[in-house]
Amino acid sequence: MIRDWQSAWYEEVDDHYRGPNDGGGGGEGGGGGGSEKREIDMITDGPEGRASLMPRTVGSQITLEKTPSYFVTQEAPRRIFNMSRDTKLIVVVRNPVTRAISDYTQTLSKKPDIPTFEGLSFRNRTLGLVDASWNAIRIGLYALHLESWLRYFPLAQIHFVSGERLITDPAGEMGRVQDFLGVKRLITDKHFYFNKTKGFPCLKKTESSLLPRCLGKSKGRTHVQIDPEVIDQLREFYRPYNIKFYEAVGQDFRWE
Ligand SMILES: Nc1ncnc2c1ncn2[C@@H]1O[C@H](COP(=O)(O)OS(=O)(=O)O)[C@@H](OP(=O)(O)O)[C@H]1O
């Protein structure tokens, strides 16, 4: 997984199905650790928990809530299950090596004094011992995190979006998301164009504006250059976890 995929597209899904002024299930979500921490704290067991903080929905409406760190938070599956066992879960995953570098690049932009990526990645680099307790590495162990969720939710209730295909084929990925949610395919090819400068697809227009809408400045940052040998070592490290993950979800994400 996955860090904060608070994209214009999620909001767009929200706008389409809830109406732009109803307030979104996800709200601003926000990638910063601060706001995610708040969201996690709010999921408590019982009726006073997260559900009561969600906007009211009627019949045809769907509430979306988005917090990337749920996927890697021990208590989240049980708490969400206790809130509503029918909850549909969507997880965006990308190559865990790229994910780790993206994660590190983001942290470095806020804390320029942290050690190098190469230094943080290993307990012993010569021996090739990867430090799986470092968050940037740990989060990419998707197969392990998934196990916690499968204790509470059947696989059919979890949908995995490919972060790579979200860039190369946004309409295809969004089509599968809409099918999974059981809603009409309203978001299609005609909603996107590829912005070459940004290197990402953008929305041609949104429900609330006729102007194009691209992802924010913090998305698509140039990643820190990493020693190719380290990248190979990490690729090797993740391989068995990736394979286990593909088997568990019945989908090959082709990260090798
Ligand atoms: N819609 C969509 N499609 C494809 N990729 C996307 C999308 N939204 C976010 N991203 C990429 O996810 C990476 C983390 O994004 P965020 O900066 O929002 O994360 S967070 O705020 O730290 O949680 C970051 O990756 P990098 O740009 O490679 O660092 C984002 O570009």
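Owing to the predicted nature of the structure, the values given are computational and were not obtained by experimental measurement. Just follow the structure's listing: the first ligand is 1, and inside any ligand the first atom is 1.
F81 is linked by a ring-ring contact (aromatic ring centres under 6.0 Å, His included) to Y152, F153, counting only residues two or more places apart in sequence or in another chain.
Close contacts between ligand 1 and R221 involve ligand atoms 27 (O) [criterion: under 4.0 Å to a heavy atom]. When each atom of ligand 1 is checked for a heavy atom of L215 under 4.0 Å away, the hits are 1 (N), 2 (C), 7 (C), 8 (N). For ligand 1 and L166, the ligand atoms under 4.0 Å from any heavy atom of the residue are 1 (N), 2 (C), 3 (N). Counting the atoms of ligand 1 from 1 in the order shown, those under 4.0 Å from a heavy atom of Q106 are 17 (O), 20 (S), 21 (O), 22 (O).
The residue from R94, K217, E164, H223 that puts a heavy atom closest to atom 13 (C) of ligand 1 is R94.
With hydrogens and angles left out, the side-chain atoms of D86 and S84 include no donor and acceptor closer than 3.5 Å. R138 and N135 form a side-chain donor-acceptor contact under 3.5 Å, judged by distance and modelled atom types alone.
Residue-to-ligand polar distances keep P68 apart from ligand 1: every N/O pair is separated by 3.5 Å or more.
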Using a 3.5 Å cut-off and no angle test, enumerate the donor-acceptor pairs between side-chain atoms of residues 116-123 and protein atoms at least two apart in sequence or in another chain.
{"residue": "T116", "atom": "OG1", "partner": "G119", "partner atom": "N", "Å": "2.9"}
{"residue": "E118", "atom": "OE2", "partner": "D227", "partner atom": "N", "Å": "3.0"}
{"residue": "S121", "atom": "OG", "partner": "F117", "partner atom": "O", "Å": "2.8"}

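A salt bridge links R239 to E236: at least one charged side-chain nitrogen sits closer than 4.0 Å to a carboxylate oxygen. A salt bridge is defined here as a Lys NZ or Arg NE, NH1 or NH2 lying under 4.0 Å from an Asp or Glu carboxylate O, and R235 with D232 meets this definition.
The closest approach between I167 and ligand 1 falls below 4.0 Å for a heavy atom of the residue.
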